[in-house]
**Q** 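Got a structure for you, written out below as structure tokens; questions coming shortly.
Here the structure is a predicted model, which means the values were calculated and not measured. All ligand and atom numbering here is 1-based and tracks the order in the structure. The residues of the chain are indexed from 1 along the displayed sequence.
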Amino acid sequence: MTSGGGIQIPSRLPLLLTHEGVLLPGSTVRFSVDSPRNMHLVSQRLLKGTSLKSTIIGVIPNTRDPERDSDELPTLHKIGTAGIAVQVVGSNWPKPHYTLLITGLCRFSVSSLLKERPFVLAEVKQLDKLEQYTTPAREGVTAEDGELGELSQKFYQAAVQLLGMLDMSVPVVAKFRRLLDSLPRETLPDVVASMIRTSNKEKLQVLDAVSLEERFKKALPMLTRQIEGLKLLQKTRKMSPDHENRVTMRKGGVFPGRQFSLEEEDEDDDGDDTAAIERKVHGANMPEAALRICLKELKRLKKMPQSMPEYALTRNYLDLMVELPWSKSTKDCLDIRAARTLLDNDHYAMDKLKRRVLEYLAVRQLKTSLKGPILCFVGPPGVGKTSVGRSIARTLGREFHRIALGGVCDQSDIRGHRRTYVGSMPGRIINGLKTVGVNNPVFLLDEVDKLGKSLQGDPAAALLEVLDPEQNHSFTDHYLNVAFDLSQVLFIATANTTATIPPALLDRMEVLQVPGYTQEEKVEIAHRHLIPNQLEQHGLTPQQLQIPQESTQDIISRYTREAGVRSLERKIGAICRAVAVKVAEGHKVTKRDASTPEDSAQQGKSQSSLCIYKVSPPEMPIVIDHSALKDILGPPLFEMEVSERLTLPGVALGLAWTPLGGEIMFVEASRMEGEGQLTLTGQLGDVMKESAHLAISWLRANAKTYQLTNMVGGPDPLDGTDIHLHFPAGAVTKDGPSAGVTIVTCLASLFSRRLVRSDVAMTGEITLRGLVLPVGGIKDKVLAAHRAGVKRVILPKRNEKDLEELPANVRAELDFVTAGNLDEVLNAAFDGGFPGTASTHARPQLTSKL
Ligand code: ADP
């Protein structure tokens, strides 16, 4: 035994057979193991053991059988490295395996195998002395040791030379430099061989070199080769010498971090680090209070050793503080005329919104102050709310940042976590400022209507502070713990509905409704904006792809049903992708297309003849017509279903409003023998159920006037009859009073066995006296009716004023009937009026073509 009185490894070692790499003493290598024996070793020995001793295992390079260890134990390599498993990570993906991080301690040779299962256990003999790793350099090999001394001196110098060629500012290099002097010389071959670029075979040679002299001899050429290689590289590439080296260093091996104390070195790094940060702190131009806090933290940082977890925390904090744009801002360049052009160029239609935005900007220009209400764009998805926000930033020449608030239910999302928490971080506002790097960006608070609430405090309250011009000049993020002036930030909010915006928040905002688009507007938007944008995004030109107006109309009406244009944009994107493939194929057809089936017969002829064929690219432009649409987008998703479904008595078409825009909604009724029961299905809210009861009561009360009967012709429609009312799309919850008129019409149709006109849709709240009360969301509802191909819309009389907001073409194409009472509704809903209604007494029908 070579080992004198030094540290001994156990004489019985479990062996890890690996073909992944070679572990040398003094280096740390990661091994992934999945063979049964190795897995057992990990699970039964490493994970079960409690003493330090049990973490020591022998690593044997399994050179002969790289496949996997079969049942038969392969002949083992004679020499291995005893190592300490410093980390074990298990995983089940893609198959069960462990990853071990092992630091090599010393060589050993296998004396005899004790057992082969469940893992290999062997009697071993320690070959290297262990204590020398911790003794100072001078006690190792010295120059007096003759040839060995000379060799080691040579080796040392070569290593110094190698380091000289590397960039000392790279931490790994600096660490290596320090270790070089403090390590015993005799450990150098192992350490260096594991770090420079060497093959496994070469490492194995070093491992097998048990005598020190031989080890130096084996490793020296490798080191010299690395130096030569570097020299060559520097010469030929004329690049900075450290570049390649950095890679080599990291690839070559993992640093033998465990045995050697790194503390001294950390302090050095530390000094540089804190000095740099200090410089930055002074250069960040932060206000007095912030600077004071930073300096205090800096002082603490200097006293902390780098290994302390708190060091990283403080460091991160300081990094953030110096990065924040305390006094960096962009210069506003507001020119109302240019703003108008820009808004017009970016967005088609939405005139009212654009006008209001311009007013807002004009006031800002005159008053140069930001105090005032915060604009909040409310409307269905895809109508351009975000996009207008972005345009505003552009007209002002400001940075733009979007903060998604959907689902935020913790106030620390807005205001940050206190730094005492593990993993604490600043809130989204401060993060946003850091991202944009200036203190006067445009922040788009997206989806303020989807803010949640939870035990962690109310984010809306935190937002209030952010938005309040009286308070936000000293907004204090919990993480920063010092005020940041938000008064220069321009906030814009968006929402799908105002109903769920917390009232206090809503109070601070000026709501601008952004309703959905009409079919015609969508066609225009598609041709002016969406198609050119998508073409550009897909690298296509109008010379390659053309989508005629009729096809756009088709996409809009048969492949999308939405208030905005988002899925329209997606469909156009899908078309562009499909065409891009064709165009790309067209470019490449020269060779490959030539070998299509016809040619396969002559394929044997000659390869070169293939090049003669040139297939012309597909004819340009590719025009997307009906059949191309079907081919690319599949069969139409939506058909005009209105007329289809009104072929039975007891069906009527209502109009509903949802945060996603207006929608048409069918109401179906049927009756059967029974005891006057009313069944309601379709996930209805209470208000809607009450509407149904109101409708039935009113119809019963007026059954005589309108000649309504039960199934057998009796005067009470409910006599001996059960009624079932259903609102299809049963999975969607519905509520609100505005279905009242539709329910009445539907039941009137059922009780009178007359068909409702198939092109009529309606909305309105009813009272027991038969009056029709106004409802909300008229514009969206009418647009939905128009989208669905309805011709006549029945509305409450008091909603007449809302019609003015509608685009002219919609007004021209629809026939509006404004009704003050149910009599008028029924009259307008049925072909030729309804028996018993006032019109039969010669009152002119109340239709208006606005
Ligand atoms: P929102 O924020 O309302 O959900 P976006 O602003 O994301 O909608 O708009 C979706 C897409 O539709 C964007 O690509 C936008 O440019 C486009 N878009 C919407 N409205 C218009 C319009 N009026 N003119 C031009 N493009 C529009």
**Q** Between Val565 and ligand 1, which part of the residue brings a heavy atom under 4.0 Å of the ligand: side chain, backbone, both or neither?
**A** side chain
**Q** Looking only at protein heavy atoms, identify the closest one to atom 11 (C) of ligand 1 and say how far it is in Å.
**A** Glu569 OE1, 3.4 Å
**Q** With heavy atoms only and a cut-off of under 4.0 Å, state how Glu521 meets ligand 1: side chain, backbone, both or neither.
**A** neither
**Q** Hey, is Lys385 touching ligand 1 through its side chain, its backbone, both or neither, going by heavy atoms under 4.0 Å?
**A** both
**Q** Applying a heavy-atom cut-off of 4.0 Å, say which part of Tyr517 lies close to ligand 1: side chain, backbone, both or neither.
**A** side chain
**Q** Whether Lys781 and Glu663 form a salt bridge (side-chain N of Lys/Arg under 4.0 Å from carboxylate O of Asp/Glu) is what I want to check.
**A** no
**Q** Carefully, step by step, assess Ile501 and Met509 under the rule side chain to side chain contact (heavy atoms under 4.5 Å, CB included).
**A** CA-CA 10 Å; Ile501 302 181; Met509 303 197 281; 3.8 Å; yes
**Q** Could you identify the single nearest non-hydrogen protein atom to atom 2 (O) of ligand 1 and state the distance to 0.1 Å?
**A** Thr386 OG1, 2.3 Å
**Q** Whether Asp802 and Lys779 form a salt bridge (side-chain N of Lys/Arg under 4.0 Å from carboxylate O of Asp/Glu) is what I want to check.
**A** no
**Q** Whether Glu569 and Arg566 form a salt bridge (side-chain N of Lys/Arg under 4.0 Å from carboxylate O of Asp/Glu) is what I want to check.
**A** no
**Q** Salt bridge between Arg390 and Asp346, side-chain N to carboxylate O under 4.0 Å?
**A** no
**Q** Any idea which of Ala526, Gly384, Ala349 brings a heavy atom closest to atom 5 (P) of ligand 1?
**A** Gly384
**Q** Looking only at side chains, do Thr498 and Asp449 share a donor and an acceptor under 3.5 Å apart?
**A** no
**Q** Around atom 4 (O) of ligand 1, find the nearest protein heavy atom and jot down its residue, atom name and distance.
**A** Arg566 NH2, 2.4 Å
**Q** Looking at Arg792 and Asp759, does any basic side-chain N land under 4.0 Å from a carboxylate oxygen?
**A** no
**Q** Note the single closest protein heavy atom to atom 26 (N) of ligand 1, along with its residue, its atom name and the distance in Å.
**A** Ile525 CG2, 3.7 Å
**Q** Report yes or no: do Thr435 and His401 form a side-chain donor-acceptor pair below 3.5 Å?
**A** no
**Q** Heavy-atom distances under 4.0 Å are what count here, so tell me which part of Asp346 touches ligand 1: side chain, backbone, both or neither.
**A** backbone
**Q** Does at least one non-hydrogen atom of Val383 fall below 4.0 angstrom from an atom of ligand 1?
**A** yes
**Q** Give a yes/no on ligand 1: does Gly382 have at least one heavy atom closer than 4.0 angstrom to it?
**A** yes
